[in-house]
Structures are given as C-alpha cells and as structure tokens.
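Single-structure report; data block below.
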Amino acid sequence: QVQLVESGGGLVQAGGSLRLSCAASGRTFSSYAMGWFRQAPGKEREFVATINWSGVTLYADSVKGRFTISRDNAKNTVYLQMNSLKPEDTAVYYCAADRFGLGDFSPNQYDYWGQGTQVTVSS
C-alpha cells in the first residue's frame with residue numbers, strides 16, 4: 001500500500017506561482033509513474049501532468065509551458081511547479097501513483113491517490 005500526501009496549495013494572484021509537493025510512502029517509489037490531476041467544482045477530474053519511472057513527462061495542453069512536473073526519488077517526492085497561474089487553474093489538485101510505471105492521462109491507470117490540496121487563483 002502506498003500513501004500519498006500533497007502539500008503546497010494555497011491562494012495566489014493571477015500570474016503568480018506555486019509549487020505542489022507529493023510525498024509518497026514505500027520503498028518502490030522510483031518504479032512508479034506519478035501524476036497530477038485536478039478537479040474544479042462541478043467538473044470532472046482532469047489530467048494535468050505525469051512523469052514515468054524513467055523521467056519522461058506528459059502535460060495537458062492547458063498547462064504546457066506553464067507547469068513542470070519533476071521527481072526526487074531519494075526523497076520519494078514528486079513536484080508540480082506552477083507558473084503564470086490563471087483563475088481557470090483553480091481546483092483541488094490530486095497526486096496519483098501508477099505502480100506499473102508507465103504514466104497516462106487517464107485516471108483509471110493510477111492505483112493510489114492523495115487527499116488533494118486546494119489551489120485558488122484570484123483575478
């Protein structure tokens with residue numbers, strides 16, 4: 001069983017930056033793909049970014065060029081650096097782990113989820 005704990009959310013003005021962190025338990029973190037998803041009120045959960053076991057990344061078009069996903073296997077942590085934030089980025093952001101290591105834009109690929117952290121971008 002893997003436990004994921006997100007942190008780093010908060011309130012920021014449009015154009016600002018935040019860095020989300022997701023700390024994972026377990027000794028096999030380096031073999032997992034890690035993803036970030038978000039869910040705004042009244043909307044479906046949507047893919048944001050993923051990084052597979054070898055460091056290959058994939059981004060949603062809506063965040064490409066503004067967000068960067070990275071991982072530190074020594075710290076069992078994945079990060080999401082969010083720059084040039086927009087009000088439409090407001091959502092609860094979730095970290096997820098895919099034990100097969102591939103990563104994907106579909107939430108169905110992921111086995112473990114964190115509790116989420118709120119990001120609010122004011123205009």
Single-linkage hydrophobic cluster, 4.5 Å side-chain cutoff, [X] and [Y] together:
| X | Y | value |
| --- | --- | --- |
| Val2 | Ile51 | yes |
| Leu80 | Val12 | yes |
| Leu18 | Val48 | yes |
| Val78 | Phe47 | no |

Is the backbone N or O of [Y] less than 3.5 Å from a side-chain atom of [X], with the two atoms forming a donor-acceptor pair by type?
| X | Y | result |
| --- | --- | --- |
| Tyr110 | Arg99 | no |
| Thr77 | Lys75 | yes |
| Glu6 | Gly116 | yes |
| Gln13 | Ser122 | no |
| Thr120 | Leu11 | no |
| Thr50 | Met34 | yes |

Salt-bridged, Asp89 to Lys86, with N to O below 4.0 Å?
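Result for this pair is no, no salt bridge flagged.
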Kindly indicate whether the side chain of Thr117, heavy atoms from C-beta on, has any atom under 4.5 Å from the side chain of Leu20.
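When only atoms from C-beta onward are counted, Leu20 and Thr117 do touch, with a gap below 4.5 Å.
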If you count every heavy atom of other residues, nucleotides or ligands that lies below 6.0 Å from Tyr112 atom OH, does the total exceed 12?
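Count over threshold, so yes.
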Can you tell me if CD on Gln3 sees more than 12 non-hydrogen neighbours from other groups inside 6.0 Å?
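Count not over threshold, so no.
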Stepwise side-chain contact (heavy atoms from CB on, under 4.5 Å) test for Val121 and Val119
CA-CA 7 Å; Val121 184; Val119 171; 4.2 Å; yes
Nearest-0.5 Å distance, [atom1] of residue [X] to [atom2] of residue [Y]:
| X | Y | atom1 | atom2 | value |
| --- | --- | --- | --- | --- |
| Asn52 | Ser31 | CG | OG | 11.5 Å |
| Gln81 | Arg66 | CD | CZ | 12.0 Å |
| Asn76 | Thr28 | CG | OG1 | 8.5 Å |

For the student: nearest non-hydrogen atoms of [X] and [Y], plus distance:
| X | Y | answer |
| --- | --- | --- |
| Tyr59 | Thr68 | OH-CA, 3.3 Å |
| Ala24 | Leu4 | CB-CD2, 3.5 Å |
| Ala33 | Gly103 | CB-N, 3.1 Å |

Over 60° means perpendicular and under 30° means parallel, so tell me whether Phe67 and Tyr93 are parallel, tilted or perpendicular.
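Tilted, since the angle between the ring planes falls between 30° and 60°.
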Step by step, work out the side-chain contact (heavy atoms from CB on, under 4.5 Å) result for Gln39 and Tyr94.
CA-CA 8 Å; Gln39 188 166 18; Tyr94 296 91; 4.2 Å; yes
Ring of Tyr32, cation from Arg71 - is the NZ or CZ under 6.0 Å from the centre and inside 45° of the axis?
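Arg71 over Tyr32 ring: no.
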Has Arg19 got its NZ or CZ under 6.0 Å from the middle of the six-membered ring of Tyr79, at an angle within 45 degrees of the ring axis?
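Pair Arg19/Tyr79 counts as cation-pi.
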Determine whether the aromatic ring centres of Phe37 and Trp113 lie less than 6.0 Å apart.
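Between Trp113 and Phe37, which both carry aromatic rings, the centre distance is below 6.0 Å.
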Do Ser17 and Asn83 have side-chain N/O donor and acceptor atoms under 3.5 Å apart?
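Per modelled atom types, Ser17 and Asn83 side chains form a pair under 3.5 Å.
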Could you check Arg38 against Ser62 for side-chain contact (heavy atoms from CB on, under 4.5 Å), going step by step and ending with a plain yes or no?
CA-CA 12 Å; Arg38 65 188 182 187; Ser62 59; 3.5 Å; yes
Checking side-chain contact (heavy atoms from CB on, under 4.5 Å) for the pair Trp53/Ser30: CA distance, chi angles, key distance, verdict?
CA-CA 6 Å; Trp53 68 272; Ser30 61; over 6 Å; no
